[in-house]
Each structure stands twice: as structure tokens, then as C-alpha cells.
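Presented below is the structure to which this report refers.
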2 protein chains.
Amino acid sequence: MTIHDVAAAAGVSISTASKALNNTGRMGAETRERVKRIAGEIGFRPNALARGLLSKRSFTIGLLTNDTYGRFTLPVMAGISEALVDHGVSVFLCAIEDDPALGQIHVDAMLDKQVDGIIASGKRLDRRLPVDLSSLPVPVVYAFTEGSENSVTLRSDDAQGARLAVEWLAKLGRRRIAHITGPEDFFSVRERASAYREVAGDAEPVLYGIWAESWGHEAVGSIWDRPGEKPDAIFCGNDQIARGVVDALRERGVRVPEDVSVVGFDNWEILAAQTRPPLTSIDMGLKELGREAGLTVLALAEGRPVEPGVRKLPCRLVVRQSCGGMSPTE
Amino acid sequence: MTIHDVAAAAGVSISTASKALNNTGRMGAETRERVKRIAGEIGFRPNALARGLLSKRSFTIGLLTNDTYGRFTLPVMAGISEALVDHGVSVFLCAIEDDPALGQIHVDAMLDKQVDGIIASGKRLDRRLPVDLSSLPVPVVYAFTEGSENSVTLRSDDAQGARLAVEWLAKLGRRRIAHITGPEDFFSVRERASAYREVAGDAEPVLYGIWAESWGHEAVGSIWDRPGEKPDAIFCGNDQIARGVVDALRERGVRVPEDVSVVGFDNWEILAAQTRPPLTSIDMGLKELGREAGLTVLALAEGRPVEPGVRKLPCRLVVRQSCGGMSPTE
DNA sequence: TTGAGAAGAGAAAACCTTTTCTCATGCAGT
DNA sequence: ACTGCATGAGAAAAGGTTTTCTCTTCTCAA
């Protein structure tokens, strides 16, 4: 079913058919309607390849990611797709692990296929993907990964998220707030920790470790085994750690949230909701981040100006039961 | 950079340039080499749109999925991508939730873009996607979701997986093996349960519930609170349930694996490895399933014959510490 | 009645590549 | 010296769409 068939069926020329369908050109209203009707009847759908060849727009973008497990990329992906599907743009998913060669293959394949733009995404916002995207013939947007010079980069505002968490704990009347978090070499860990410090002061130490339940467990052990007053709240670097913390507290007979409030980070639904009690957590808004990334790369593809630099998107607090308290009163 | 530029730079015609690059046609060896060299130098890459327009092959396939969370789709996706990247095929990812309208939009977009085939994937193999793919002009392969009449469907062999688990427990000397699993209306639940019955007999009941840690927890409670002998092994319907089971047993002072062996299902790395002790689990081989799906849709796209029907791919046992015992001796 | 202008519709080029067909050259064989 | 053939290379069409340009016809005003 090509436009030839439409033209033939409608008894007009190809150009007239094209103009009718695209609402361009001049022609009689009834001619236009007739062509459209016939096109609908025979189920004509324009060949995007041919169209793209001419218009230099493929209505396709590529998503490059090294987050194989997908915990971060998946919401980003969902947001991108959601934002772009209305604009007729489809998304190539390229999972490249940390393999530069594989990354290059995928980038080349995308360029061959004339993508209108590329979104680079990762699992860590202080690391670059193992492939250089700085001088590609198409626009590139970095989402949740370190970008190159003069590029557009979207990331979550971890400091604001951490403040949100600690201020929430403070508002609930908690005074001794500890922070158990991931490896200090993560930029986001340092950023969250210093925001925590700003709000909570330095009554309690920051405990750096790994992103694992076992670390949360262990850290609680080391705090509770030491002499002196115990914290009445714990702000955790992610939900896995929070889960370990909650479990460890329960095993020690410390009640959550009555005795100690716990806040997680990531709002990883499947984990946060299954913890007993369900975790109050900070959501980085990755889906919104994805949506923004999609709209941004689209804008760039269409030649609309976008000012380069890092744009931080706000986190939000998701209240469940691990802190006590109700939803944020604002 | 088009082939025109190559031809001009090499001082030959477009056709000669094309033939040189594709190793077709007849020409002097040195002409061929010169064209290739120059193409490489100026960084020529053929436009896949133009190529696809002519060849009727876009080297693109679509992956349609309603598994938003991605626990199942992600490994499948990784497998597909891995299998196809060598063949120069890129993958459109279409997340359609359970929205028929959205599904139709994505299908239309893919057809417009002339995909060579579509892989349909889901989160449940006894449910169909909310969109009809049975009479599309391109081949369709179903992976981990219910397919239509006369189609090619790939799924895991859950019965075999369940047998693997129960036989492993038996081999370790366990005699009273219970089965705590998900909702009975899942086909895979019934399939696993009847395979369990075949091997384990009916000394212990099958406990149907929901896919949640809390259910595993609760089920252990109901078993241990009843009078009479307790199981010495529990085969769980998924890793979340297994996690709840292990936690509940620990809370009751029952040692895992010394007193009771526990086997999970899904081998959901992030969960299985973080459980204490780490879970022995059944891996459905979703990545291999994805790889097979990719190769199959490619075969169909190239016109190679593939016999329709359901193909079950084997599961495998991943031994960690929740059962005791070493790796399968086989 | 003639001229200008607009309206409606079609022809053709363009996008980039592949492929088939044709043409020209040179060489070997008679 | 002429025929036949192989070799090398180019011209042109094809794929489906959009867009610019051209052409015809009609209406209205002078």
C-alpha cells in the first residue's frame, strides 16, 4: 500500500495525494476529503523510511545505557518513551554494559539509522559511558550520567533530596539523626552526606560502606554496640541499606518507627513496599527525568535552542510507614 | 558524506563505488581497494534509510512489552540485543503497560518504520498482550507471553525447573518438602506445583498465596503453628516468597540450611544474593530465551522456515547457600 | 473581448543506495 | 585483420515520499 495506490484509487496524481494527506498545497476541499477517505479505507500508512530519507528526520532516537540491571534506566526509559510516543518518535534501546567496543558498534548503528538524537544514560551520575559522544552529528542529552563539555545534562538534585529526608525527620521531632550510606567515592554519596550535615549537624557520624543490605545490618550493629545514646532516626543512602537497617533494628528489639525512624533513598518500589514496615523514601523522579530528557533531545533535534549545562531535577519524599508521621504537610 | 562523495573522491561513478564497497560486481582489484580506502578516510557510512527503502529490510525489530517494571523483560531484552547486534539489527523498545490504545500506537509506529519483525514479551506467560498481533505484515515471535494461533512462542520450562528444584532437595536428603507459591490462577504456578507433586508426592500441602515476602512469612507461620512434624525443605514459587520464608524461619530460630533447605524461583540476582543466607534458586534462562527469540525473528525476517508452536527452554539450578550442598554433581 | 490573477492539479526532482543493463576497450583465437 | 569474449566501468531505474515548479482552466474586472 503506497501513496501510488492511494492516488490511483482516488484518481489523482501522486503529488495531489501527498498534499491532500499532509494538509498542504492548494486543492478543492472535496478532493482533499476524498483522498483522505480512500487512504483510510485502503489502510495506507506512509513509509517512514522514504519520508525520513527526504526530511532528514527519522523520528527515532537512541538510548544508550550501561545499566544492565535497569534499576535506574528503566524508569528513565519509561519516561522517555512516554514523552516521545506522542510525537511519533521511537526509541532504540542499546545496552552496552561497560564495553567500549560494543558501545561504538551501537553508536555507529544508530548513526547509520539516522537517529535524530541520542540520550546517554547510566547507573551512576559521576561516571561517563565508555564511549565518546562529544562530537557526533546528532544532538546528545545526558541523563543520570556524567556528560561531556558543553552538553546538556539532566540529573536528580541529590542534595535537595537529602535535605528533604532530614528535614522530614526533624519535623517529626527526631534529634539524633544518623546517616548510613554507600561508598564515599560516589559523588552522590558525598553530596547527600554534606546536605545531611548541613541540616542535621554533626552530632552523629556518617557511616560509609557499600550498597547492600548487609552493610545496613552491620552499621546498625556498630552503632548500637557502641556506648552512649542511640540515634532516634536513620537516613539511609539507599533502600537496600535501609532494608538492612530496619531488619537489624527489628532483630535488636528496636521498634520502627516508634523508637527509630528510617528513611531510604531511591524509592525502589519493589523493595521499599515489601520492607516491614514499608519504607519512607526519597524518589529521584527518574521517570520525569526521562521525560525531560526526551523532550530536550527532541527540541535539539528540531533545532530549537536549549541552553547547555547541568539541570538538576527535584526529588520528592514518598511517605510510607518507616518514619511515623503522615504525608508531608507542606 | 554520501556515496556520491566517495565516488567523486575516488574518481569513479556511483555505481562503481557501491559495488566496490559491497564486494559485488566486477572491477579491478586496485580500483576496489582505492574506493574502500577513500571511503574509510572520509568516514563514509551508508544511509540505512536509503538502503532499507530499496532492500525492504530495515535491520530493525520491535520489542513490545507490558512488563513495566522490567524484572522479566530486561534479561529478555538483553538477550535479544546481544543476539542481534552482530547482525546489525537494532531494537525498538515499546513499553505499553496494559493499554491497548498505546499498544496500537506503538505497533503502528513500528510498522511505519518498516521493522523486520516484532517480539512480544510480557510478565506472565498465560496472558496475552492487549493488542492483536496475529495478522501483521511482519513476523512475530512471542517470548514469555501467550502467543496467538500458529505463531512461534518461546517460554521457560517451568515444570522442568520445578523438578530440578525438588530433585535437588531430595538429593540432599530432604524428605518432607513443602511448596509455598503464588496465586493458583497463574499457569506457571499450577505447572510448577504439579511437577512438584510428581517428585515430592503429597506428604505436604501446596500453599497458594500471593507473590510477596509477606506471604512467605505468613505461610511459614501457618505451617509451624500447626501440630505435627515440620518440613525439612521448602520449595518456593519465587524468590520474594523465599525471602519471606527464610526471614520467618530465622525469626523462629529455625536454621537455614541446617534445619530446613529453601529453594527459590526466578534467580532474581539482586534479591537472591542479598538474602541471608543467599538463595539457591531456579533460573529461567530469560537471557537465553531473549537470544533465541532474537535469532528466531531474524530467521523469519529472512524467510528461513521456523516451525510454529511452543518451544520450552530449560531452566537451571543456581546453587547458593540456602540448601546446603555443593554445586550439582550431575 | 481581453487581460490579469487565482485556483486546482500534475510533472519532475530530490533524498541515498543498490542493481541491472549497456557500453567500450582490449585481448586471444582463427 | 576480423570475430568473439571477457573485463572494467558507467548510465539509469527503482524504492516511497515530499516539494517546487509548471501548466491549464476559470473567474472577474477593465
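This is a predicted model, so every value here is computed, not measured. Naming: A, B, ... by sequence-line order, numbering from 1 per chain.
For DNA chain C, the span of nucleotides reached by chain A at under 4.0 Å from its heavy atoms goes, 5' to 3', from C:dA7 to C:dC16.
Residues of residues 2-20 of chain B having a heavy atom closer than 4.0 Å to DNA chain C, listed by number: B:Thr2, B:Ile3, B:His4, B:Ile14, B:Ser15, B:Ser18, B:Lys19. Sorted by residue number, the members of residues 25-32 of chain B with any non-hydrogen atom under 4.0 Å from DNA chain D read B:Arg26, B:Met27, B:Gly28, B:Thr31. Contact check of residues 49-60 of chain A against DNA chain D (heavy atom, cut-off under 4.0 Å) returns A:Ala50, A:Arg51, A:Leu54. Shown for residues 107-115 of chain B: no residue has heavy atoms falling under 4.0 angstrom of DNA chain D.
One finds no salt bridge joining B:Arg155 and B:Glu146 here, because no Lys/Arg side-chain nitrogen approaches an Asp/Glu carboxylate oxygen to under 4.0 Å. A salt bridge between A:Arg71 and A:Asp266 is present, with a side-chain N of the basic residue lying under 4.0 Å from a carboxylate O of the acidic one.
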Test side-chain hydrogen bond (donor to acceptor under 3.5 Å, both in side chains) applied to A:Asp67 and A:Thr65, step by step: CA-CA 5 Å; A:Asp67 177 26; A:Thr65 175; 5.1 Å; no
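Proximity of B:Lys36 to B:Leu21: side-chain heavy atoms (C-beta onward) are separated by under 4.5 Å at one or more points.
Under a 3.5 Å cut-off, the side chain of B:Asp116 and the backbone N or O of B:Phe59 do form a donor-acceptor pair.
Relative to the axis of its first five pairs, the axis of the last five pairs of the helix from C:dT1-D:dA30 to C:dT30-D:dA1 sits at 70°, rounded to 10 degrees.
Checking the phosphate oxygens (OP1, OP2) of D:dT18, a side-chain nitrogen or oxygen of A:Asn22 falls inside 4.0 Å.
In summary, the side chains of A:Ser90 and B:Lys113 do present a donor paired with an acceptor at a separation below 3.5 Å, with no hydrogens or angles considered.
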